[in-house]
Amino acid sequence: MVEIVRIPALSDNYIWLVHEPGSGETLVIDPAVADPVLAEADARGWRITQVWNTHWHPDHTGGNGAIKAATSCRITGPAAEAERIPTLDRWVAEGDRVALGAIEAIVMETPAHTAGHISYHLPSEGLIFVGDTLFAMGCGRLFEGEADQMHANLQRFAALPPETFVYCAHEYTLANGRFALSVEPDNRALVERMEQVEVMRAAGEATLPTTIALERATNPFMRAPSAEELAERRRAKDAFRG
Ligand code: ZN
Ligand code: FE
């Protein structure tokens, strides 16, 4: 099993540091910045060997260059965004396999937040890194894609094993949950989840990772019955001031 450490960065990003003890490989998912990542790996005696990016936004790739300069790691990211991520060493697309030691990730193309956004599913570990596609009780903004693409992404995620852990790139849970309650005020699972989230955030605790089962029960975007409904909810969320 891999060991995963959460590194908070910028205002609400989470950078995930993933260590595979069998091979000694250490992976960084979406480094917004470099310094706290290098410090955390150093403190644990882990040597960073890889970076995997989900999309080109600077809060997901900003640390690429400095981490590569410090560690000579190999950087993997979406082929469709290669021109926007000049630090990439390897370009991947739907169905490609990426190895972390003996562990394999399968690349899923999950466009909509950006046109080339990808997610990394690690079936043997029961987890997925979704970048800015899926959040706890929310989904990414549709900057470079359409609601039908996001709907398709979320339905693919919903079909993963329910116990799958979902590692998102931002702590947006509280604001997302407040919007979710406006959509489904009578959803018991959602009401209970938000009671817990309020307590956790008041104590400064992280609410991630989430799980597919939890999102299926409480996420108004994953639960949207159609792309049209998802589009409607996304527009409402963009204007929502909870
Ligand atoms: Zn983004
Ligand atoms: Fe982001």
Side-chain angles (χ1 to χ4, degrees), residues 4-18 27-37 40 51-67 75-88 91-94 105 107-121 127-154 156-157 165-177 179 201 206-210 215 219 221-222 230-231 233-235 237-238 240:
I4 304 183
V5 176
R6 181 185 52 250
I7 304 171
L10 307 180
S11 57
D12 49 33
N13 279 75
Y14 288 139
I15 302 168
W16 302 102
L17 188 65
V18 184
L27 160 71
V28 189
I29 305 286
D30 282 353
V33 294
D35 287 349
V37 178
E40 184 69 40
V51 169
W52 297 353
N53 295 136
T54 61
H55 65 294
W56 68 266
H57 284 163
D59 64 312
H60 299 255
T61 57
N64 277 13
I67 292 174
I75 306 186
T76 298
E81 298 182 355
E83 284 172 19
R84 309 195 77 159
I85 318 177
T87 43
L88 291 187
W91 304 267
V92 293
E94 176 70 32
V107 175
M108 294 173 67
E109 288 183 355
T110 51
H113 178 70
T114 63
H117 192 297
I118 58 176
S119 299
Y120 297 89
H121 181 214
L127 60 90
I128 185 167
F129 296 101
V130 297
D132 286 357
T133 295
L134 172 64
F135 296 115
M137 296 178 277
C139 73
R141 284 177 185 257
L142 306 177
F143 287 126
E144 299 178 4
E146 303 300 331
D148 59 335
Q149 293 175 305
M150 184 58 86
H151 185 254
N153 296 336
L154 299 188
R156 286 184 78 189
F157 290 153
F165 286 104
V166 180
Y167 289 81
C168 319
H170 292 273
E171 177 66 61
Y172 290 159
T173 309
L174 193 56
N176 284 343
F179 173 75
R201 293 308 294 152
T207 60
L208 298 171
T210 178
E215 295 316 307
N219 187 312
F221 299 96
M222 187 173 275
L230 186 149
R233 292 177 184 185
R234 188 62 260 181
R235 275 193 295 274
K237 172 67 172 69
D238 290 346
F240 185 74

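Atoms within a ligand are numbered from 1 in the order they appear, just like the ligands themselves. Throughout, residue positions are numbered sequentially from 1 according to the sequence presented.
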Subject >> Metal-centred angle, OD2 of D132 through the Fe ion (ligand 2) to NE2 of H170, rounded to 10 degrees >> reply: 110°
Subject >> D59 atom (N/O/S) at minimal separation from the Fe ion (ligand 2) >> reply: OD2
Subject >> Metal site the Zn ion (ligand 1): N/O/S of D59 inside 2.8 Å >> reply: no
Original post:
Does any N, O or S atom in H55 come within less than 2.8 Å of the Zn ion (ligand 1)?
Top reply: yes
Subject >> Exercise: do D132 and H57 side chains pair donor with acceptor under 3.5 Å >> reply: no
Subject >> Shortest-distance N/O/S atom, H57 versus the Zn ion (ligand 1) >> reply: ND1
**OP:** Starting from the Zn ion (ligand 1), look over the N/O/S atoms of D132 and name the nearest one.
**Re:** OD2
**OP:** Please determine, by modelled atom types, if T133 and H113 share a side-chain donor-acceptor pair under 3.5 angstrom.
**Re:** no
Original post:
With a cut-off of 2.8 Å, does any N, O or S atom of H113 fall short of it relative to the Zn ion (ligand 1)?
Top reply: yes
Subject >> Short side-chain donor-acceptor distance under 3.5 Å, D59 and H170 >> reply: yes
**OP:** Over all heavy atoms of both residues, which pair between Y14 and C168 is shortest? Give the atoms and the distance, please.
**Re:** CB-O, 4.2 Å
Original post:
Which is the closest N/O/S atom of H60 when seen from the Fe ion (ligand 2)?
Top reply: NE2
Subject >> Where L230 and F221 come nearest, the two heavy atoms and their spacing >> reply: CD1-O, 3.6 Å
Subject >> Donor-acceptor pair between T54 and D30 side chains, under 3.5 angstrom >> reply: yes
